[in-house]
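A quick write-up on the structure given underneath.
Chain letters run A, B, ... following the sequence lines, proteins first, then strands; residues in each count from 1. Keep in mind that what you see is a predicted model, and the values were worked out from it rather than measured.
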2 protein chains.
Amino acid sequence: MPGPIQSLSRAAAIMRLLAGGERRLGLSEVATSLDLAKGTAHGILRTLQMEGFVEQDPESGKYQLGAELLRLGQSYLDVHELRARALVWADDLARASGETVYLGVLHQQGVLIVHHVFRPDDTRQVLEVGSMQPLHSTALGKVLLAYDPVARGELGDTALEAYTSRTLTDLTDIDAECALIRERGWADSIEETWEGVASIGALIQDRRRNPVGAVCISGAVERVCEDGFVRPSLVASVRSAARAISRDLGAGRF
Amino acid sequence: MPGPIQSLSRAAAIMRLLAGGERRLGLSEVATSLDLAKGTAHGILRTLQMEGFVEQDPESGKYQLGAELLRLGQSYLDVHELRARALVWADDLARASGETVYLGVLHQQGVLIVHHVFRPDDTRQVLEVGSMQPLHSTALGKVLLAYDPVARGELGDTALEAYTSRTLTDLTDIDAECALIRERGWADSIEETWEGVASIGALIQDRRRNPVGAVCISGAVERVCEDGFVRPSLVASVRSAARAISRDLGAGRF
DNA sequence: GACAGGCGGTCGACATTGTCGACCGGTGTG
DNA sequence: CACACCGGTCGACAATGTCGACCGCCTGTC
């Protein structure tokens, strides 16, 4: 039976719709947005509600995502092997560099943050685990673009948004950048997504040399860069952490 | 069409199964665990995989939860009104008390942590957002048991585990404790779940006085308690924070 | 090295199952 | 007060998901 199960795909679409809209949605909104009969949408929503994936505001009757998703998302992190292996190395990298550390994996047309170490002894920061970053303008994303053909494929049909004046939006520019990244073995992003923020990323691969994710450090451009380029010592730290994680993932094989 | 959609319920069961077992599971394991034909389980898993809710290890062919769950779980937090309103109050409470702050809501037979503020300037701590705590042995849980009939109902059929020698496992003891909690307006838990840890919790209610969650502080029993009882000043802080959050939720109505 | 047993995955017939659109009662609004 | 819209229900219909046998592959074993 090759072919997705219709009701499941529709349920997934409903959950994504609820995740996308910031506010709660009514039954009719859901049904019309996805071209479903109201009865059909209701049946799916009712089941999702029973399972805890969706909750209904008893007052307005509108729907939003449910708590079970948070619980399962946490379970995903618990099982995630890359994340487990990388925890200690990411900590070390944050301490050594004094900057924020992110660990990301390719997910759809972006990078999903699976681990986040705050910059040591700093002001309040919000945890970004579970959020997404663009592929074409971040160090994490560009590393994956350079090494993961799937990531490069995902980029094919999406329009590239310019977040700042330094964002690369032309595909040929991106490809040239990727060639450079492959050649030197690391990626940077200087104010390409957020003004004032620069980051340096490197690839993590598994025992069979497949790309499985990326690490990066990210911080104020004044600290991360020097004379318009990222500091070589920070690059070395990031690459060394990426190698350590990759080696850790490959343990047991050799 | 009152009645859950079969394929959806089965998909949810599969995801819960994958979340429960620490390791990855094979197709046959999933099918036999849930009494499904292999073909059926495969169809569901394939669809879940397409949607990103499940991933398959290409090497072993075994399945685990997927990244989309993490993303949707994060979206749940983003939309969560209680959490949004409580963020700043929880921060204040942590600063004022010097202890860890948790914010939890009832979910199935437990308390789901939706916000967690680390104890100020302390050693490394792991974020527990998305994890569950038992109802009958934590301050958060006992608050909900005392005020939320649904929570009390959930307790009916589950055996109460004794985590320490101080855990209440008899239902009549629990009900007496709940009556006390309702009378004085707050709950505590002194080494009832973890040795050496005490916590103090209070109820959060919405504009219609329905229980919607609870806040608590949690810390070493030596700091939180005095002469075998929790410190009244900490109780006052927690109750004040709970009132502030409740008031915040009720804003716009009055 | 041939076999057996396990795996993940496919296939096609069947009827169970989810889908559809009309319909209901309640609510707020012009 | 009627209208429009909401969330929710119902029953007929056939599209849909389910089932169990089957396939090719790999692994371990005798």
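- Evaluation of the side chain to side chain contact (heavy atoms under 4.5 Å, CB included) rule for B/Ala241 yields B/Leu93 as partners, not counting sequence neighbours.
- Counting heavy atoms from C-beta outward, B/Ile204 and B/Arg243 have side chains that stay 4.5 Å or more apart.
- Atom CG in A/Leu36 sits roughly 13 Å away from atom C1' in C/dG21 (whole-Å rounding).
- Contacts between residues 24-31 of chain A and DNA chain C, defined by a heavy-atom separation below 4.0 Å, involve no residue at all.
- Checked for salt-bridge contact, A/Asp175 and A/Arg152 meet the test: a charged N lies under 4.0 Å from a carboxylate O.
- Within the helix from C/dG1-D/dC30 to C/dA15-D/dT16, the inter-axis angle between the opening and closing five-pair segments is 0°, rounded to 10°.
- In this structure, the side chains of B/Glu55 and B/Gln49 stay at 4.5 Å or more apart for every pair of heavy atoms.
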Name the atoms and distances for all side-chain donor-acceptor pairs under 3.5 Å in residues 137-144 of chain B, with sequence neighbours left out.
unit_1	atom_1	unit_2	atom_2	d
B/Ser137	OG	B/Thr193	OG1	2.9
B/Thr138	OG1	B/Pro134	O	2.9
B/Thr138	OG1	B/Gly141	N	3.0
B/Lys142	NZ	B/Glu177	OE2	2.8
B/Lys142	NZ	B/Asp188	O	2.9
B/Lys142	NZ	B/Glu192	OE1	2.9
B/Lys142	NZ	B/Glu192	OE2	3.1

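- Remark: A/Arg10 is in phosphate contact with C/dT19, judged by side-chain N or O atoms under 4.0 Å from OP1 or OP2.
- Atom NZ in B/Lys62 sits about 8 Å away from atom C1' in C/dC7, given to the nearest Å.
- In the model, A/Glu128 has a side-chain atom that pairs as donor or acceptor with a side-chain atom of A/Tyr102 under 3.5 Å.
- A/Asp78 and A/Ser75 form no side-chain donor-acceptor contact under 3.5 Å, judged by distance and modelled atom types alone.
- Within the structure, every side-chain polar atom (N or O) of B/Tyr63 is placed at least 4.0 Å from both OP1 and OP2 of C/dC7.
- Rounded to a whole Å, the CG atom of A/Leu34 is 12 Å from the P atom of C/dT19.
- Near-neighbour residues of DNA chain D inside residues 49-56 of chain B, defined by a heavy atom below 4.0 Å, are absent.
- Distance B/Glu59 CD to C/dC7 P: 18 Å, rounded to the nearest Å.
- Between A/Tyr76 and B/Met15 there is no side-chain heavy-atom pair separated by less than 4.5 Å.
- Ion pairing between B/Glu51 and A/Arg10 fails under the 4.0 Å rule for side-chain N and carboxylate O.
- Contacts of B/His42 classified as side chain to side chain donor-acceptor pair (under 3.5 Å), with partners at least two apart in sequence or in another chain: none.
- Applying the 4.0 Å criterion to OP1 and OP2 of C/dG18, one finds that A/Thr40 has every side-chain N and O outside that range.
- Mapping A/Ser60 and B/Asp35 onto DNA chain D via the closest heavy atom, the residue that lands nearer the 5' end is A/Ser60.
- Within the nucleic acid shown, A/Lys38 comes within 4.0 Å of at least one base atom, counting heavy atoms only.
- When the C1' atom of C/dT19 is taken as reference, atom CD of B/Gln6 falls 15 Å away, rounded to whole Å.
- At C/dG8, none of the side-chain N or O atoms of B/His42 fall inside 4.0 Å of OP1 or OP2 (strictly under the cut-off).
- Looking at B/Glu81 and A/Arg24, a side-chain N of the basic residue comes within less than 4.0 Å of a carboxylate O on the acidic one, giving a salt bridge.
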